Amino acid sequence: MTDLKTIAEILKEAQIGSEMTIRGWVRTKRDSKNVVFININDGSTIHSIQVVADPTQFNEQLLHDINTGAGVAVKGILIASQGSGQAVELTAKEINLYGKADPNEFPLQPKKHSLEFLREIAHLRPRTNTFGAILRVRHALAFAIHKYFNDKGFYYLNTPIITGSDAEGAGEMFRVTTLDAQNPPLTEEGKIDYKQDFFGQETNLTVSGQLEGELGALALGKIYTFGPTFRAENSNTARHLAEFWMIEPEMAFYQLKDNMDLAEDFLKYLIQYAMQNCADELVFLEKRLLDEEKQLANEERAPMALREKLQFIIDNPFKRLTYTEAIDVLLNSKAHKKGKFKFPVEWGIDLQSEHERYLVEKEFKAPVILTNYPKDIKAFYMKQNEDGKTVGAMDVLFPGIGEIIGGSERESDYDKLLQRIEELNINKETIWWYLETRKFGSVPHSGFGLGFERLALFVTGMRNIRDVIPFPRTPKSAKF
RNA sequence: UCCUCAGUAGCUCAGUCGGUUAGAGCAUCUGACUGUUAAUCAGAGGGUCACUGGUUCGAGCCCAGUCUGAGGAGCCA
């Protein structure tokens, strides 16, 4: 088998003096009369290997063509570095140029690029240090999610991506159809006849796997989903995507407090995992953030460096309070008394961003779990509390991110659930199967949804969600 | 979708009160250089000033519309 060791593996275990081949992409080249330095990165680690070549040993044109971006393989001997800045380097014996990168066309230069520019070249941005680091952190978090649930006896359930139901009863959906958009078949009333569509009914891309997730939990006990989710909202913010990944655990016999305990433990585990397994990436991202913040005024800078912030989350309990208590905190706050809030505060409102940020960033300076919201601002499936006014909802709010998790204990009483569905004019024909779970062996159960990219935003310290997913889909943008 | 701001060289940006041939740094190219770290030094090339229309003797600059991007808001994960 070909020796295809990555740079990560070589830096970890290779012996000085041994011969090896590295393969990757040229980051920078520096040359002088007697020596050429080529930094090569293969994406396996943030670190590059410096190749040292004697220009008299190689074809002049070959060395000329090795520019930033070129794909190469270099065979040589690993030696202790003669210069400072790296422990080891590779003295080149053979250089194979797989693919040139014409410097007049290749857009990545050995200099700092704006994130906006890199978004326009999303096909090449993974080759930068920043996006390499982000994508490796993203992978580690995804792996940790599966590991966490597997270790705790959860089963990974694949819920449908094409659905006939609208899980939340709100939110625009992307239609899935094979009908001719120019000339669709019509019913006698002149409406589009979905009976002739591929599935014989109207179908959309999923906005949540929750309803199907509940079916799994009420059979397997504890399940989780981890898949793509689609929202056709015209949302233009640094926190929203039209296509994102969501983790939705759903647990039979869990009540609201069990749900909160799981959410907190889960988030802490994931952050801890990233700290342990992406140490180099986090050092780099922390430095990047500090450099970026040098341009900001002091009060706009983050109070803690990235790793300190992550450690703080791990070390401190999340602040838990009810919606009603949160409203009292807001009403008694200096910000409210001085009229600093743009939106009014009173029991029954849906909390605005400014209110959530006040609670998390000013009042408690820690993640906050809010529970027991008014039923009128939450979804139909949430457990109705005995006060008749609130439901067993829980939102986990993170500094700088806002709502990172939304969840609830589910209503398990058939009559109460049906009544709520009717109150809200939800078409019960399309979710008859969901109602049947409350008809046959209904038990208490709970679950929540974690936005994967919002977690990745928090852990990487990035500010725009479009920079923590390889190929972002947002309104007016589905390139690449 | 709403509010605000922006769009000038490959990239990041400057461009005075509306006035002659639109500038800088980096990148690129050429040359120099005995070990560099986004190497350094010297020189050269590089522009549909987002687009469309308008005002004006004259528009990168003023006005209108459109497009694109960013920040904030709403929706939410």
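Quick caveat: nothing in here was measured; it's all calculated off a predicted structure. Per chain, numbering begins at 1; letters A, B, ... match sequence-line order.
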TODO: With C1' as the reference atom in both, quote the distance from B:rU40 to B:rU34 in angstrom, rounded to an integer.
DONE: 14 Å
TODO: Round to a whole Å and report the spacing from CZ of A:Arg239 to P of B:rG74.
DONE: 7 Å
Task: Sugar-phosphate only, base, or nothing, as touched by A:Pro103 at under 4.0 Å among non-hydrogen atoms - done: sugar-phosphate
Open item on the list: So for A:Arg30 and B:rC33, does any side-chain atom that can act as donor or acceptor lie under 3.5 Å from a complementary atom in the base?
Closed with: no
Open item on the list: Mind checking if A:Arg357 touches a base, just sugar-phosphate, or nothing, with heavy atoms under 4.0 Å?
Closed with: nothing
Open item on the list: Would you say that A:Leu241 contacts A:Arg466 through its side chain, given a criterion of any heavy-atom pair below 4.5 Å between the two side chains?
Closed with: yes
Task: Whether A:Arg410 side chain and A:Gly447 backbone form a donor-acceptor pair below 3.5 Å - done: yes
Task: B:rC33 base / A:Lys33 side chain donor-acceptor hit below 3.5 Å - done: no
TODO: Select one nucleotide: of B:rC75, B:rA77, B:rC26, the one nearest the side-chain heavy atoms of A:Thr237.
DONE: B:rC75
Task: side-chain contact (heavy atoms from CB on, under 4.5 Å) partner of A:Ile66, chosen from A:Val74, A:Ile95, A:Asp31, A:Val36 - done: A:Ile95
Open item on the list: Just to be sure I understand the rule, does A:Glu89 reach a base, reach only the sugar-phosphate, or reach nothing, if contact means heavy atoms closer than 4.0 Å?
Closed with: base
Task: Carboxylate-amine/guanidinium contact A:Glu423 A:Arg420, below 4.0 Å - done: yes
Open item on the list: Regarding A:Leu455, tell me which of base, sugar-phosphate or nothing describes its non-hydrogen contacts under 4.0 Å with the strands shown.
Closed with: nothing
TODO: Tell me which of A:Ser114 and A:Ile404 sits closer to the 5' end of RNA chain B, going by the nucleotide each one is nearest to.
DONE: A:Ser114
Open item on the list: Please classify the nucleic acid contact of A:Thr229 as base, sugar-phosphate, or nothing, using heavy-atom distances under 4.0 Å.
Closed with: nothing
- [ ] Please tell me which of the listed nucleotides, B:rU30, B:rC11, B:rA70, lies nearest to the side chain of A:His64?
- [x] B:rU30
Open item on the list: Whether A:Lys222 engages the ring of A:Tyr254 as a cation-pi pair (distance to the six-membered ring centre under 6.0 angstrom, angle to the ring normal within 45°) should be assessed.
Closed with: no
TODO: Give the dot-bracket string for RNA chain B, reading 5' to 3', where a pair is Watson-Crick or G-U wobble with both distances under 3.5 Å, ( ) marks pairs inside the strand, [ ] marks pairs crossing earlier ones, | marks a partner on another strand, and . marks unpaired.
DONE: (((((((..((((.....[...)))).(((((.......))))).....(((((..]....))))))))))))....
Open item on the list: Could you tell me how far apart A:His113 (NE2) and B:rG10 (P) are, to the nearest whole angstrom?
Closed with: 14 Å
Open item on the list: Set out, in order, the CA-CA distance, both residues' side-chain angles and the distance that settles ring-ring contact (aromatic ring centres under 6.0 Å, His included) for A:Tyr156 and A:Phe226, then state yes or no.
Closed with: CA-CA 8 Å; A:Tyr156 177 37; A:Phe226 185 3; 7.4 Å; no
Task: Those residues of residues 115-130 of chain A lying under 4.0 Å from RNA chain B by at least one heavy atom - done: A:Glu116, A:Phe117, A:Arg119
Open item on the list: Can you tell me if A:Ser235 touches the phosphate of B:rC75, counting only side-chain N or O atoms and a distance under 4.0 Å to OP1 or OP2?
Closed with: no
TODO: In whole angstrom, give the distance that lies between atom CD of A:Glu292 and atom C1' of B:rA70.
DONE: 13 Å
- [ ] Check the distance between B:rC75's C1' and A:Phe174's CZ and give it to me in whole angstrom.
- [x] 14 Å
TODO: Could you check whether A:Leu450 gets within reach of a base, just the sugar-phosphate, or nothing at all, counting any heavy atom under 4.0 Å?
DONE: nothing
- [ ] Quickly work out the A:Gln109 CD to B:rC29 P distance and round it to whole Å.
- [x] 12 Å
TODO: Give one of base, sugar-phosphate or nothing for A:Gln86, where a contact means two heavy atoms less than 4.0 Å apart.
DONE: base
Task: Distance in angstrom units between A:Met382 CE and B:rC76 P, rounded - done: 10 Å
Open item on the list: Under 4.0 Å, heavy atoms only, any strand: does A:Lys342 hit a base, just the sugar-phosphate, or nothing?
Closed with: nothing
TODO: Check whether any side-chain N or O of A:Ser353 sits under 4.0 Å from OP1 or OP2 of B:rG72, and answer yes or no.
DONE: no
- [ ] Determine, for A:Arg463 against A:Glu293, whether the closest basic-nitrogen to carboxylate-oxygen distance falls under 4.0 angstrom.
- [x] yes
Task: Validation row: A:Glu233, A:His240 side chains within 4.5 angstrom (heavy atoms) - done: no
Open item on the list: Under 4.0 Å between a side-chain nitrogen and a carboxylate oxygen: does that hold for A:Arg138 and A:Glu453?
Closed with: yes
Review item, nucleotides 45-47 of chain B N/O atoms under 3.5 Å of protein N/O:
none

Open item on the list: Can you identify which nucleotide, out of B:rU68, B:rG35, B:rC75, has its nearest atom closest to the A:Lys476 side chain?
Closed with: B:rU68
Open item on the list: I need the CD-P distance between A:Gln82 and B:rU34, as an integer number of Å.
Closed with: 16 Å
Open item on the list: Tell me if the side-chain of A:Asp31 makes a donor-acceptor pair with the base of B:rU36, cut-off 3.5 Å, by modelled atom types.
Closed with: no
Task: Earlier contact from the 5' end, RNA chain B, for A:Asp395 and A:Thr68 - done: A:Thr68
TODO: Tell me what A:Gly449 touches on the nucleic acid: a base, only sugar-phosphate, or nothing, going by heavy atoms under 4.0 Å.
DONE: sugar-phosphate
TODO: Answer with base, sugar-phosphate or nothing: what part of the nucleic acid does A:Gln50 contact at a heavy-atom distance below 4.0 Å?
DONE: base
TODO: For A:Thr28, report the nucleic acid contact type (base, sugar-phosphate, nothing); a contact means any heavy atom under 4.0 Å.
DONE: sugar-phosphate
Task: Integer-rounded Å distance: B:rA27 C1' and A:Asn104 CG - done: 10 Å
Task: Side-chain donor-acceptor contact under 3.5 Å, A:Asp42 with A:Thr6 - done: no
